[in-house]
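Since the model is a prediction, treat every value here as computed from it, not as a measurement. Per chain, numbering begins at 1; letters A, B, ... match sequence-line order.
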Amino acid sequence: MPELPEVETVRKGLARFATGFTISSAQGLHPRVLKLASLAALDAVEGARIKEVNRRGKFLWFVLDRDLALVAHLGMSGQFLFPRKDRPEPGHVRARFGLKKGLKRQELVFSDQRTFGWLSVEELSDGVPTSAAHIAVDPFDFAFDREAVIAKMSSRKAAIKSVILNQEIMSGVGNIYADESLWRAKIHPEIPANELSAKKIGVLLDAATQVMAEAVEVGGTSFDAMYINVNGESGFFETSLAAYGQEGEPCPRCGRQIRRIAFGNRSSHFCPKCQVR
DNA sequence: GGAAATGTTTACCG
DNA sequence: CCGGTAAACATTTC
């Protein structure tokens, strides 16, 4: 469950339940769990204390009391889970961490069905891990420069949907929130970005920020004390989706049927009446 | 059996 | 070199 709101939900859960714990053990259990660029194997973080858990866009990392950070990307299906005896064992466990704080001990696992996610051990520079250095700040970062992003987007000739998905211009938006933002801003996904007014792109940015903020809020409530519910199937925000996955359903604004068109390897969902090309 | 699924990186082309 | 597009990665589900 991996766009900004989902990653933020995971980050919050990790920050709440893992901060202050020392990593007593760390082991990779799958040959591809460790990113190739990782400076070391996972056991390099053993003995480190977790100071905080940070995020930029869809990248997240544990800040440790040493010069290395434990970085994670959830890919398409990555999850961090605190297993509990009264819950089913997590499947597809790719890495396992033992955490301790005083007498408290708990386990944290990284699970990933499709193995597009990864972990790595990296240095931070200006507080950001190497693998996320090229990722632009997301709209919730204090350094987010709305006008600069609008200017950058306005110069692109590619379809606006590709542009808002480009993590090097603005990070955090994935296929779901791209479709939702475009629907809210009443913009057809295939319009070249440079044909939109700066004002219209501003509307789109605000829509993206707002829809992700709303999703983060709902994500927070689906949380359960010792278990991070990052299961996409539970769909905490699914009931609020206006466009994504709504092919054939009435547009909540005008009633026209939502359409689905091919977009690269994926799909775009939009209202043919509200979002005119 | 085919298609599609929340993402990123790399290769390739103009 | 830049912008843009397509493919590759792997697994599961419908």
Side-chain angles (χ1 to χ4, degrees), chain A residues 1-11 29-38 55-61 71-80 90-94 110-120 122 129-136 138 152-182 189-195 208 211-212 215-216 218-219 222 228-241 243-248 260-269:
Chain A
M1 74 186 266
E3 296 179 42
L4 186 151
E6 293 73 39
V7 179
E8 174 60 12
T9 301
V10 172
R11 189 203 64 77
L29 301 169
H30 188 280
R32 273 185 305 276
V33 70
L34 195 71
K35 191 179 170 75
L36 281 171
S38 182
R55 180 188 59 71
R56 169 180 283 191
K58 305 169 196 171
F59 288 69
L60 85 132
W61 61 92
V71 189
H73 196 289
L74 303 179
M76 295 281 258
S77 54
Q79 300 176 325
F80 273 109
H92 311 287
V93 173
R94 308 307 189 197
F110 179 67
S111 153
D112 188 9
Q113 182 186 98
R114 291 169 68 182
T115 65
F116 286 173
W118 48 259
L119 300 174
S120 77
E122 299 174 22
T130 319
S131 59
H134 65 295
I135 299 295
D138 61 63
K152 203 172 248 183
M153 288 188 170
S154 303
S155 72
R156 297 297 186 116
K157 281 182 273 189
I160 184 62
K161 179 161 170 179
S162 308
V163 172
I164 200 170
L165 285 172
N166 187 331
Q167 306 295 302
E168 299 185 30
I169 299 177
M170 170 178 113
S171 66
V173 175
N175 208 30
I176 295 174
Y177 298 102
D179 282 358
E180 293 303 305
S181 312
L182 289 162
E190 292 176 320
I191 297 177
N194 63 354
E195 289 178 18
V211 69
M212 290 196 292
V216 166
V218 183
S222 80
I228 298 174
N229 187 355
V230 287
N231 185 350
E233 289 161 284
S234 65
F236 63 88
F237 196 65
E238 256 177 62
T239 52
S240 309
L241 295 176
Y244 184 83
Q246 306 301 307
E247 182 183 20
R260 180 170 76 95
I261 57 173
F263 171 74
N265 304 336
R266 304 210 175 69
S267 304
S268 282
H269 309 77

Between B:dA11 and C:dA10, how far apart are the two P atoms, rounded to whole Å? 16 Å
Atom-pair distance ([atom1] on [X]; [atom2] on [N]), nearest Å:
{"X": "A:I160", "N": "C:dG4", "atom1": "CD1", "atom2": "C1'", "answer": "15 Å"}
{"X": "A:E168", "N": "C:dC2", "atom1": "CD", "atom2": "C1'", "answer": "12 Å"}
{"X": "A:L36", "N": "C:dC9", "atom1": "CG", "atom2": "P", "answer": "14 Å"}
{"X": "A:Q79", "N": "C:dA10", "atom1": "CD", "atom2": "C1'", "answer": "16 Å"}
{"X": "A:Q113", "N": "B:dA4", "atom1": "CD", "atom2": "C1'", "answer": "13 Å"}
{"X": "A:I169", "N": "C:dC2", "atom1": "CD1", "atom2": "P", "answer": "14 Å"}
{"X": "A:F263", "N": "B:dA5", "atom1": "CZ", "atom2": "C1'", "answer": "15 Å"}
{"X": "A:N166", "N": "C:dA6", "atom1": "CG", "atom2": "P", "answer": "16 Å"}

Centroid distance under 5.5 Å and plane angle under 30°, A:F116 vs C:dC9: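 Yes; by the centre-distance and plane-angle rule, A:F116 counts as stacking on C:dC9.
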Phosphate contact ([N] OP1 or OP2) by [X] side-chain N/O below 4.0 Å:
{"X": "A:R32", "N": "C:dA10", "result": "yes"}
{"X": "A:K157", "N": "C:dG4", "result": "no"}
{"X": "A:S267", "N": "B:dA5", "result": "yes"}
{"X": "A:H134", "N": "B:dT9", "result": "yes"}
{"X": "A:H73", "N": "B:dT8", "result": "yes"}

Taking only the side-chain heavy atoms of [X] (C-beta and beyond), determine which of [options] contains the nearest atom.
{"X": "A:S162", "options": "C:dT12, C:dT5, B:dA5", "result": "C:dT5"}
{"X": "A:R260", "options": "B:dA5, C:dG4, B:dT9", "result": "B:dA5"}
{"X": "A:R156", "options": "C:dA10, C:dT12, C:dG4", "result": "C:dG4"}

A:R260, A:E180, A:Q246 screened by side chain to side chain contact (heavy atoms under 4.5 Å, CB included) with A:H269, the one that passes: A:R260
Nearest atoms (heavy-atom pairs only) where A:I164 meets A:V173: O-CB, 3.6 Å
If you pin A:Q167 and A:R114 to their nearest nucleotides in DNA chain B, which one's is more 5'? A:R114
Watson-Crick/G-U partner (both atom distances under 3.5 Å) of C:dA10: none
Pair A:Q167-A:K58, side chain to side chain contact (heavy atoms under 4.5 Å, CB included): steps then yes or no: CA-CA 9 Å; A:Q167 306 295 302; A:K58 305 169 196 171; 3.5 Å; yes
Inter-residue atom distance A:S120.OG - A:L36.CG, 0.5 Å rounding: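 These two atoms lie 10.0 Å from each other.
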Apply the test salt bridge (Lys or Arg N to Asp or Glu O under 4.0 Å) to residues A:D179 and A:K161: give CA-CA distance (whole Å), side-chain angles for both, the deciding distance (0.1 Å), then the verdict. CA-CA 8 Å; A:D179 282 358; A:K161 179 161 170 179; 2.6 Å; yes
